[in-house]
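Here the structure is a predicted model, which means the values were calculated and not measured.
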Amino acid sequence: MISINEVIVVEGKYDKNTLSQIVDATILETSGFGIFKDKKSQEMLRSLARRRGIIILTDSDGAGFVIRNFISGIVEPQYIKHAYIPDIEGKERRKSTASKEGKLGVEGMTPEIIIEALRRSGATIDSDIYENRLEISKADLYAMGLFGKEGSAEKRMLLQKELSLPEHLSSNSLLKVLNIISSKKEIEEILSNYHK
């Protein structure tokens with residue numbers, strides 16, 4: 001298994017499942033065309049792209065390119081890397097028939113093909129940039145005054161604004177995102193500028 005620092009964007013849960021068995025990385029799914037109308041997911045994607053960079057890995061069929069082009073239109077180009085899988089005819093094991101274009105999608109690719117596609121995209125592989133970072137817990141957020149204390153809501157809003165995150169994140173979603181894009185030290189530095 002290889003570690004990749006960028007966030008990998010795939011179309012659906014089966015692609016995500018395939019990838020999670022091959023790479024140690026943050027993997028986001030677009031829910032197919034669902035990303036087109038989901039403003040919160042679009043905003044989250046832009047924020048993650050600015051912080052970590054993204055690699056778009058969609059199927060090689062027409063729908064995959066429509067999704068790839070949409071993401072390329074809503075995220076600044078300097079934060080995007082493109083990974084392409086080859087056109088291979090066939091069908092995935094879980095499907096009774098082949099796709100409309102008769103091509104295998106990301107979920108049908110071998111680990112070797114996926115790793116090669118990621119390497120060619122310029123992925124940052126096996127870097128220790130995030131390796132020594134300590135996991136942020138809910139207890140940490142409580143201790144920092146982000147939950148359950150007077151002024152917590154204002155502190156959360158300040159933090160989310162500083163990190164370009166959507167304002168309506170649930171506490172669990174906020175924790176998950178903070179562990180992807182930030183560190184305890186960075187959060188403490190942002191909050192040190194907040195005086196109430």
Side-chain angles (χ1 to χ4, degrees), residues 1-125 164-170 172-174 176-177 179-181:
M1 186 170 283
I2 62 170
S3 296
I4 293 181
N5 289 328
E6 292 87 356
V7 174
I8 304 173
V9 182
V10 296
E11 292 179 51
K13 64 182 179 181
Y14 295 106
D15 300 332
K16 183 176 181 178
N17 182 50
T18 296
L19 232 62
S20 65
Q21 297 174 44
I22 301 168
V23 298
D24 177 19
T26 301
I27 305 165
L28 294 181
E29 52 184 284
T30 67
S31 300
F33 294 140
I35 189 75
F36 295 0
K37 293 184 179 179
D38 190 339
K39 299 297 181 192
K40 284 185 183 178
S41 292
Q42 292 174 25
E43 195 174 334
M44 179 75 67
L45 191 58
R46 281 191 287 269
S47 178
L48 290 172
R50 288 184 199 111
R51 306 285 299 186
R52 296 263 299 271
I54 62 170
I55 299 172
I56 304 174
L57 178 61
T58 57
D59 294 350
S60 59
D61 60 6
F65 274 88
V66 168
I67 294 166
R68 180 186 296 274
N69 291 335
F70 178 80
I71 295 168
S72 296
I74 63 168
V75 175
E76 296 95 327
Q78 67 267 31
Y79 303 121
I80 301 175
K81 294 178 180 177
H82 291 276
Y84 297 97
I85 58 170
D87 287 338
I88 299 175
E89 292 187 10
K91 72 171 189 67
E92 282 80 15
R93 289 184 193 159
R94 70 177 177 87
K95 295 181 179 176
S96 57
T97 59
S99 69
K100 185 178 177 182
E101 294 181 30
K103 299 175 184 177
L104 288 175
V106 170
E107 71 172 283
M109 294 292 129
T110 64
E112 294 78 18
I113 289 174
I114 289 174
I115 290 170
E116 182 59 22
L118 292 169
R119 285 187 194 284
R120 287 182 178 177
S121 76
T124 309
I125 298 175
S164 301
L165 296 173
E167 67 178 75
H168 296 293
L169 285 176
S170 69
N172 287 336
S173 295
L174 177 60
K176 184 177 179 183
V177 172
N179 273 305
I180 294 170
I181 68 169

Any residue meeting side chain to side chain contact (heavy atoms under 4.5 Å, CB included) with [X], in chain and number order, not counting sequence neighbours:
X	value
Leu174	Phe147, Arg156, Gln160, Leu165, Leu169, Leu178
Pro86	Ile88, Met109, Ile113
Ala117	Ala83

Smallest separation among heavy atoms of Glu6 and Thr124, with atom names: OE2-OG1, 2.7 Å
How close do Val75 and Arg46 get, counting heavy atoms only, and between which atoms? CG2-CG, 4.0 Å
Applying side chain to side chain donor-acceptor pair (under 3.5 Å), which residue pairs with at least one partner in residues 26-36 are found, sequence neighbours left out?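 Residue pairs passing side chain to side chain donor-acceptor pair (under 3.5 Å), neighbours aside: none found.
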Pairs where residues 54-76 contributes a residue and the test side chain to side chain donor-acceptor pair (under 3.5 Å) is met, not counting sequence neighbours: Arg50-Glu76, Thr58-Arg68, Ser60-Asp87, Arg68-His82
Separation between [atom1] of [X] and [atom2] of [Y], rounded to the nearest 0.5 Å:
X	Y	atom1	atom2	answer
Ile125	Ile115	CD1	CD1	8.0 Å
Arg119	Ile2	CZ	CD1	5.5 Å
Ile27	Ile55	CD1	CD1	10.5 Å

Which pairs with one or both residues in [range] pass ring pair (Phe, Tyr, Trp, His ring centres under 6.0 Å), sequence neighbours excluded?
range	result
residues 6-32	none
residues 18-45	Phe33-Phe36, Phe36-Phe70
residues 92-121	none

Is the shortest side-chain heavy-atom distance between Leu57 and Asp15 below 4.5 Å?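 No, side chains not in contact.
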Check: Ile114 and Pro111 side chains under 4.5 Å, non-hydrogen atoms: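 In short, these two side chains do not touch, never coming nearer than 4.5 Å.
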What residues form a salt bridge (charged side-chain N to carboxylate O under 4.0 Å, His left out) with [X], not counting sequence neighbours?
X	answer
Arg120	Glu116
Glu11	none
Glu107	Arg94
Glu43	none

Please report the C-alpha distance between Thr18 and Val10 in whole Å, then the side-chain angles of each, then the deciding distance to 0.1 Å, and finally whether the side-chain contact (heavy atoms from CB on, under 4.5 Å) criterion is met. CA-CA 10 Å; Thr18 296; Val10 296; over 6 Å; no
Whether Lys81 side chain and Ser121 backbone form a donor-acceptor pair below 3.5 Å: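 Between the backbone of Ser121 and the side chain of Lys81 there is no qualifying donor-acceptor contact (under 3.5 Å).
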Taking it one step at a time, do Ile8 and Leu118 satisfy side-chain contact (heavy atoms from CB on, under 4.5 Å)? CA-CA 9 Å; Ile8 304 173; Leu118 292 169; 4.2 Å; yes
Please determine whether the number of non-hydrogen atoms from other residues, nucleotides or ligands lying under 6.0 Å from atom CD of Gln78 exceeds 12. yes
